[in-house]
Structures are given as C-alpha cells and as structure tokens.
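Only one structure is covered here, and it is reproduced in the block below.
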Amino acid sequence: MSNTNPVRNVIIIGGGPAGHTAAIYTTRANLEPLLFEGFLAGGLPPGGQLMTTTEVENYPGFVDKITGPELMERFKGQAVRQGAEVIMEDVAKVDVSERPFKVWADREEPYLAKTLIIATGAKARYLGLPNEERLMNRGVSACAVCDGSLFRNKEVVVVGGGDTAMEEAMYLAGLCPKVTLIHRRDEFRASKTMQDRVLKNEKIHVLWSHVVTDVLGDDFVTGVRIKDVKTDAERELDAEGYFVAIGHTPMTELFAGKLELHDNGYIKVEPGTTTTSVPGVFASGDCQDWTYRQAVTAAGTGCMAALEAERWLAANDD
C-alpha cells in the first residue's frame with residue numbers, strides 16, 4: 001500500500017462525546033486514530049446534540065454550568081492535544097465487507113482502517129413547527145434530564161404518548177408545579193407501569209386527543225397553541241417550557257445493510273460491549289443507545305470502544 005493511502009489502525013466516525021473520548025483513549029494507546037467530525041447524515045453538526053444545548057449542569061467535573069459547544073470544544077481540544085488527527089470531512093460511504101475497511105469522505109480515494117469506531121449519534125425528532133426551531137434552547141427541548149433544571153418551579157408541557165414521554169413527564173414533575181402531557185390519541189402507547197405512574201401523579205395533567213399546532217413566544221416560550229383533533233377547536237395554553245418526547249432517529253443510514261441494526265435503526269451490539277456484527281467494527285454513543293442518551297454515557301461507551309479496538313488489534317493484527 002502506498003504511503004499516500006496508509007492503512008490506519010483506527011478510524012472514528014463522529015465528533016461527539018463518544019467519538020472524541022474514543023480518540024483520546026486510542027491516541028494514548030499509540031494507535032494514531034483518524035476522526036471524522038464532518039456533518040453527518042440527517043444534518044447533525046460536528047459535536048452532535050450537545051451543540052444545540054445552551055447549558056450543561058450534569059456533566060461530572062464541572063462545578064459551574066458550561067454550554068454544550070464549550071464542552072465539546074474541550075472534548076476536541078483534549079483529543080487533539082493527545083495527538084489525535086481530526087478532520088472536517090463528510091463521510092459519504094463505508095465498506096466493512098472486508099479488511100481493511102474503507103471510508104469515503106471528501107476525496108475520491110477511500111481512507112483505509114484496520115478497525116472502525118462508529119459514533120454518529122442520534123437526532124431528536126420534533127413536530128416540524130417553525131417556532132420549534134426559532135425557540136430552540138429558549139424553552140424548546142427534547143431532553144428533560146438535560147434541561148429540566150432550567151424550568152424548576154415553572155409550568156411546562158410534554159408532547160408524546162410513549163415510554164419516553166412518560167419518563168420525561170415524571171422527571172419534570174419532580175421539578176415543576178404542573179406538567180401538561182399532550183397526546184394526540186385517547187390512549188397511551190407506553191407500558192402499563194409507566195402509564196399508571198403518570199396517571200397517579202397529581203402534578204401531571206393529561207390532555208387527550210390534542211395536538212400542538214404552534215409554539216408561542218417572542219424571545220422565550222410563553223405557551224403553545226393546541227387543537228382538539230375531534231372537534232378541531234383551537235386554544236392557547238400557557239407554559240414556560242415545551243418538551244418534545246416523540247423519539248429519536250439514529251444516524252445510521254451509512255450502515256444499513258452492512259451491519260446488523262435493530263428494528264428502530266440503532267446498531268446492534270453484543271450486550272455489555274460495543275462489538276457489532278462485523279469483527280473489528282465497534283459502535284458507541286447514541287447510535288447504539290436509545291435508553292440513556294446522555295453525554296456521560298456516550299463518553300463511557302466511547303472509552304469502551306477504544307479499549308475493545310485496542311484489544312482486537314492486539315489479537316488480530318498481523
């Protein structure tokens with residue numbers, strides 16, 4: 001193989017907490033990783049979902065709150081200082097059918113790798129209302145655990161009817177005097193246990209058979225406009241926080257038909273590991289985790305992927 005196209009020990013796809021943590025650990029193991037942090041399928045910016053988070057108060061080690069972009073800049077800075085090579089290129093295609101694995105980005109010739117760490121993340125789903133985007137991080141959120149403390153003692157609404165919506169509503173009920181749970185149907189999709197918890201909570205008020213048609217507010221959320229799906233009657237509801245809990249979309253399109261995926265699109269890994277269906281390919285962060293979806297857990301699986309890649313190379317690299 002020519003020196004212009006060397007075979008890398010590790011290529012990492014994704015520049016969020018999982019990807020940069022994997023870069024830190026693989027660099028310290030002298031594996032000289034190459035990390036792609038370009039825009040990914042679905043429009044996630046470099047840094048992932050933290051780049052749309054204004055304040056982070058639950059990442060260990062930070063006594064004072066820090067913005068999501070600042071936290072990601074520190075992740076990247078540490079990886080680069082350790083010696084990781086980080087490039088801003090969009091990954092367009094991968095081939096994991098044989099080794100070395102191939103990764104195509106902004107050049108015709110593929111990058112080659114002995115191991116691959118996938119850290120492409122997931123993207124929160126929204127209703128698609130214009131004011132959702134305009135008021136993002138100004139009262140609009142898709143993560144109660146991330147942003148709930150900002151709404152302490154304020155009235156909020158949660159949109160959704162699955163387990164995620166139940167969990168978000170229960171979490172917010174521990175912080176807020178009133179949580180209005182808005183669901184378009186007259187019954188929840190959530191598990192019976194989660195439904196019972198929500199319906200028994202006096203702080204949670206369920207609004208059945210309604211949809212949100214707009215988010216209100218100039219500089220910050222002041223309420224929502226809702227419509228009764230049975231009568232088409234519309235009215236406004238006061239609220240200082242608007243939480244969408246209708247699911248996430250994993251950024252795994254690149255790997256469809258190449259790796260085993262769950263029915264919901266997340267990458268399958270062996271329980272307790274980051275090992276995928278292809279030996280030498282590892283998945284970390286939110287592209288394989290739809291349960292926790294936190295920066296700290298993503299970073300933890302990035303560490304796991306790095307250690308597993310190092311051990312795999314030690315056992316299999318000739």
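Numbering of residues begins at 1 and proceeds along the displayed sequence.
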Does K203 use its side chain to pair, donor to acceptor, with the backbone of A173 at less than 3.5 Å?
yes
Using residues 205-215 as the side-chain source, report each donor-acceptor pair under 3.5 Å to any protein atom, sequence neighbours left out, with the distance given to one decimal.
residue	atom	partner	partner atom	Å
H210	ND1	W208	O	2.6
T213	OG1	R225	O	3.2
D214	OD1	N131	ND2	3.0

Under a single-linkage definition using a 4.5 Å side-chain heavy-atom cutoff for Ile, Leu, Val, Met, Phe, Trp and Tyr, are L199 and V158 assigned to the same hydrophobic cluster?
yes
Taking the six-membered ring for Trp and the single ring otherwise, decide whether the centroids of Y171 and F243 are under 6.0 Å apart.
no
Name each donor-acceptor pair under 3.5 Å that joins a side chain in residues 76-86 to protein atoms two or more places apart or in another chain, with its distance.
residue	atom	partner	partner atom	Å
K76	NZ	E37	OE2	2.7
Q82	OE1	R28	NH1	3.4
E85	OE1	R8	NH1	2.8
E85	OE1	R8	NH2	3.1

Answer yes if V10 and L35 sit in the same cluster of Ile, Leu, Val, Met, Phe, Trp and Tyr residues linked by side chain heavy atoms under 4.5 Å apart, and no otherwise.
yes
If we ignore hydrogens and angles and just use 3.5 Å, is the side chain of T252 paired with the main-chain N or O of F255 as donor and acceptor?
no
Closest approach of T26 to P33 (non-hydrogen atoms, all atoms of both residues)
OG1-CG, 3.1 Å
Is any side-chain heavy atom of I11 closer than 4.5 Å to a side-chain heavy atom of F101?
no
Evaluation steps, side chain to side chain contact (heavy atoms under 4.5 Å, CB included), between I118 and L259:
CA-CA 11 Å; I118 303 166; L259 296 174; 3.4 Å; yes
Look at the side-chain heavy atoms of Ile, Leu, Val, Met, Phe, Trp and Tyr, link any pair under 4.5 Å apart, and say whether Y25 and W312 land in one connected group.
no
T120 side chain vs C287 backbone, donor-acceptor pair below 3.5 Å
no
Working note: T193 + M166, criterion side chain to side chain contact (heavy atoms under 4.5 Å, CB included); need CA distance, chi angles, decisive distance, verdict.
CA-CA 10 Å; T193 299; M166 305 296 111; over 6 Å; no
So which atom in R99 and which in N316 form the shortest heavy-atom distance, rounded to 0.1 Å?
NH1-O, 4.1 Å
Are more than 12 heavy atoms, taken from residues, nucleotides or ligands other than E32, located less than 6.0 Å from that residue's CD atom?
no
How long is the straight-line distance from CZ of R184 back to CG of D228, given to the nearest 0.5 Å?
15.0 Å
Should L34 and Y111 count as side-chain neighbours, where that means a heavy-atom distance under 4.5 Å?
yes
Does F282 form a side chain to side chain contact (heavy atoms under 4.5 Å, CB included) with V269? I'd like the steps, not just the answer.
CA-CA 8 Å; F282 307 90; V269 294; over 6 Å; no
Are more than 12 heavy atoms, taken from residues, nucleotides or ligands other than D232, located less than 6.0 Å from that residue's CG atom?
yes
Residues K102 and P110: closest non-hydrogen pair is CB-CB, 4.0 Å
Would you say E133 and Y126 are linked by a side-chain donor-acceptor pair, where the criterion is simply a distance under 3.5 Å?
no
Cluster companions of L216 among Ile, Leu, Val, Met, Phe, Trp, Tyr (side-chain spacing under 4.5 Å)
none
What's the separation between atom OH in Y59 and atom CG in L71, rounded to the nearest 0.5 Å?
6.5 Å
Using a 6.0 Å cut-off, check whether atom OH of Y292 has over 12 heavy atoms from anything other than its own residue.
no
To the closest 0.5 Å, what do you measure between CG (D286) and OG1 (T297)?
6.5 Å
Hey, are the side chains of Y242 and V156 touching, using non-hydrogen atoms and a 4.5 Å cut-off?
no
I need the single residue from T115, T301, T274 that forms a side-chain hydrogen bond (donor to acceptor under 3.5 Å, both in side chains) with E308. Which is it?
T274
Side chain to side chain contact (heavy atoms under 4.5 Å, CB included) between V198 and M170, intermediate numbers included
CA-CA 7 Å; V198 164; M170 288 295 297; 3.9 Å; yes
Rounded distance (nearest 0.5 Å) linking atom CG of D95 with atom CG of L112
10.5 Å
Minimum heavy-atom separation for G16 and M72, please, with both atom names.
C-CE, 3.5 Å
State which residues pass disulfide (SG to SG under 2.5 Å) with C143; sequence neighbours excluded, sorted by chain then number.
C146
May I ask you to decide if G247's main-chain N or O and R125's side chain share a donor-acceptor pair within less than 3.5 Å?
no
Taking the side chain from T275 and the backbone from E270, do they hold a donor-acceptor pair closer than 3.5 Å?
no
Looking only at heavy atoms, what is the nearest atom pair of H20 and G15, with distance?
CD2-O, 3.1 Å
Tell me who clusters with W290, hydrophobic residues only, linked when side chains sit under 4.5 Å apart either directly or through other members.
Y266
Is a donor on one side and an acceptor on the other found under 3.5 Å between the side chain of R293 and the backbone of A298?
no
Using modelled atom types only, decide if a donor and an acceptor are shared between the side chain of K258 and the backbone of V94 within a distance under 3.5 Å.
yes
Between I226 and R235, is there a side-chain heavy-atom distance shorter than 4.5 Å?
yes
Quick one: closest heavy-atom pair of A144 and E168, and the distance?
N-OE1, 2.9 Å
Establish whether I267 and L116 are linked, either directly or via other cluster members, by ILVMFWY side-chain heavy-atom contacts under 4.5 Å.
yes
With a 4.5 Å limit on heavy-atom distance, are the side chains of N5 and R107 in contact?
yes
Quick one: CH2 on W104 to CD on E109, what's the gap to the nearest 0.5 Å?
10.5 Å
Can any side-chain N or O of E132 pair as donor or acceptor with the backbone N or O of G128 at less than 3.5 Å?
yes
Kindly compute the distance separating CD1 (I13) from CG (D90), expressed to the nearest 0.5 Å.
11.5 Å
Joint hydrophobic cluster, F151 plus L181, side-chain heavy atoms closer than 4.5 Å
yes
Please list every donor-acceptor pair under 3.5 Å in which a side-chain atom of residues 185-192 meets a protein atom from a residue at least two apart or in another chain.
residue	atom	partner	partner atom	Å
S191	OG	D163	OD1	3.3
S191	OG	M194	N	3.4
K192	NZ	D196	OD1	3.1
K192	NZ	D196	OD2	3.1

